[in-house]
Each structure stands twice: as structure tokens, then as C-alpha cells.
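First the structure, in the form of C-alpha cells, and then the observations on it.
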Amino acid sequence: MEREIVKSVVEMSAYVFERGLVSGKAGNVSARFKGENGDIVAITPTLKSLADLKEEDIVLVDENGKNLTKGKPSSEVIMHLEIYKNRPDVYGIAHTHSPYATGFAFSNKKIRRLEGFGAIKSEYIKDIEYFKPGSIELANAASEALKTEDVIVLKNHGVIATGETVKEAAALVEFVEEIAKTQFVTHVLNSIE
């Protein structure tokens, strides 16, 4: 089980990188699984590109954030852990800085929810105010907002999505980027006389 989960984190890290949803050393991906003594989270390491991670790069932490393997977990590990604590149904998380969705995050515009990824419960994707990356304030605000949402926009930062699997979370951040791109093009076209 552990090896399959670690492999899925590596695969989905490459997936979001290849699709241009992260660049450089930005973004993070994690997956949760049951260990002998509680939940274990496999998360991408800090300061490494998601482009070409290997299984040995993935860091395992317990539900309290204690390292179970070598390496340093993503600086957003607290946010991932807080989300998992609040959402027993979530087993995968993807946090990206994709250009169109992040453009919306830095603007006063909201991303409208579109058909194609579950039921539409609200008109717009929920956003939360800016908090310093890696901070407990960001972790608390994001985990609180994600109690009732599957994806949120982090103002002046990026997007974070959850799923029953890490593959589902990665697919959701990709979907959000596509609808953000469509809405951006729509805004531009509508502004042309």
C-alpha cells in the first residue's frame, strides 16, 4: 500500500508539472493512507521541482507532522495535515500555482463554477484571504474552507484541491485551470468592441 501511494504522488506531481499547473519548485502534492499506528501522509519535498521526483524523494509524515523518513516535507505540510484532519473522506491533495487560476487569485475576479466536475453547489469557487505560505494561519483558513468545498482559491497565491485520491485532486486543479482559462478568454472577448 505504502509503495503504491508514494508512486501515485510521484506520478501526479509529474502530471501537474507537465500540464503547466506548477513551474520551478512551486506546488505540492500529497496522499494519505492508513498506517499501523494511524494515518500517514506521503508528501512532496520542499525546494524540489515536481517535474522529476523519484519515489525516494517523497517524505512520509505521521498525522502530527513527525517525519517517518529522511528528507524535508513541503513547507505547506501543515496545511495538508489540517485538511486531512477535517476531511476523513479526503485521501489526496494538490496545490498548484497555475497561471490562469492564479491570475484570478491576484485579481478581484472570481472563478465561476462550470459543469464537468461534480454538482454545482455555488456560483463561484470559494476563495480565502491571503496568508503567508507555510503559516498556521493559512493552514487553518484553508482547512476550514475545505470542510464544505472540494477546491478553493488562495488569494494572491494559487489553488488547492482535494479528492478521494491524489489523481482526483490533480484532475480537479487541472479542471479549475481550464475553466479559469475559458473565463479569461471570455472576459477579453467581451471587452472588445
Side-chain angles (χ1 to χ4, degrees), residues 1-99 101-102 131-136 138-143 146 149-152 154 157-177:
M1 171 66 115
E2 177 183 312
R3 182 132 196 273
E4 288 171 26
I5 295 296
V6 167
K7 187 176 177 193
S8 71
V9 171
V10 169
E11 288 171 352
M12 290 304 102
S13 295
Y15 181 90
V16 298
F17 188 91
E18 288 163 8
R19 279 156 180 74
L21 305 176
V22 294
S23 60
K25 296 178 181 178
N28 35 78
V29 173
S30 75
R32 171 170 60 166
F33 63 98
K34 300 289 182 194
E36 288 179 20
N37 300 312
D39 287 347
I40 296 173
V41 173
I43 189 164
T44 51
T46 193
L47 298 176
K48 282 198 175 183
S49 171
L50 300 188
D52 53 6
L53 293 175
K54 296 176 178 46
E55 289 181 28
E56 56 267 25
D57 294 322
I58 304 305
V59 182
L60 300 183
V61 298
D62 70 14
E63 55 200 17
N64 299 310
K66 181 182 173 206
N67 269 40
L68 303 174
T69 57
K70 65 179 181 161
K72 189 173 179 190
S74 166
S75 60
E76 301 286 15
V77 67
I78 302 166
M79 181 169 64
H80 288 247
L81 293 172
E82 287 301 310
I83 294 165
Y84 287 127
K85 283 177 190 169
N86 283 335
R87 291 290 302 274
D89 59 320
V90 165
Y91 285 88
I93 296 171
H95 168 46
T96 59
H97 302 171
S98 53
T102 302
F131 294 98
K132 185 179 176 196
S135 68
I136 189 67
L138 176 59
N140 289 338
S143 64
L146 285 163
E149 302 288 335
D150 53 359
V151 60
I152 59 171
L154 310 175
H157 188 161
V159 174
I160 187 158
T162 62
E164 289 180 14
T165 65
V166 68
K167 186 174 185 178
E168 187 176 288
L172 182 49
V173 289
E174 181 178 30
F175 181 72
V176 169
E177 179 65 0

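Side chains are part of it too, since the values below use all heavy atoms of this structure and drop only hydrogens, waters and symmetry mates. Along the sequence shown, the residues carry numbers beginning at 1.
- Residues E2 and L60 form a side-chain contact, since some pair of their non-hydrogen atoms from C-beta on lies under 4.5 Å apart.
- P99 is listed as a side-chain neighbour of E177, based on a closest heavy-atom distance under 4.5 Å.
- To the nearest 0.5 Å, the span separating OG1 on T44 from CE on M12 amounts to 13.5 Å.
- In terms of the side chain to side chain donor-acceptor pair (under 3.5 Å) criterion, residue partners of S30 (sequence neighbours excluded) are, by chain and number, H80, Y84.
- The side chain to side chain donor-acceptor pair (under 3.5 Å) contacts involving residues 56-67 comprise K48-D57, where partners must be two or more places apart or lie in separate chains.
- Shown here for S143 and I83, the closest heavy-atom pair between the two residues is CB-N, 3.7 Å.
- Annotation: side chain of L146 is not in contact with side chain of N86 (no heavy-atom distance under 4.5 Å).
- Proximity of a side-chain donor or acceptor of H95 to a complementary backbone N or O of V159 within less than 3.5 Å is detected.
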Atom pairs and distances, donor-acceptor, side-chain atoms in residues 35-42, under 3.5 Å, two or more places apart:
{"unit_1": "D39", "atom_1": "OD1", "unit_2": "K34", "atom_2": "NZ", "d": "3.0"}
{"unit_1": "D39", "atom_1": "OD2", "unit_2": "R32", "atom_2": "NH1", "d": "3.2"}

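- Screening residues 11-23 for side chain to side chain donor-acceptor pair (under 3.5 Å), with sequence neighbours left out, gives Y15-R19, Y15-E174, R19-E174.
- Under the salt bridge (Lys or Arg N to Asp or Glu O under 4.0 Å) criterion, E82 pairs with K85, not counting sequence neighbours.
- In this structure, CG in L53 is found 10.0 Å from CZ in F17, a value given to the nearest 0.5 Å.
- Across every non-hydrogen atom of T162 and E149, the tightest pair is OG1-O, 4.2 Å.
- In this structure, the separation between CD1 on I93 and CZ on R87 is 9.5 Å, given to the nearest 0.5 Å.
- Rounded to the nearest 0.5 Å, atoms CZ (F33) and OG (S8) are 9.5 Å apart.
- Of all heavy-atom pairs between I58 and I43, the closest is CG2-O, 3.5 Å.
- Annotation: side chain to side chain donor-acceptor pair (under 3.5 Å) contacts of T102 (sequence neighbours excluded): none.
- In plain terms, the two heavy atoms of A169 and A94 that are nearest each other are CB-N, 3.8 Å.
- Residues E55 and V6 share a closest heavy-atom pair of O-CG1, 3.5 Å.
- Expressed to the nearest 0.5 Å, how far CG of N28 lies from NE2 of H97 amounts to 7.0 Å.
- Listed for the S49 side chain is a donor-acceptor partner under 3.5 Å among the backbone atoms of G24.
- For the atom pair I5 CD1 and R3 CZ, the distance stands at 13.0 Å (nearest 0.5 Å).
- Counting all heavy atoms, side chain and backbone alike, P133 lies closest to L138 at CA-CD2, 3.9 Å.
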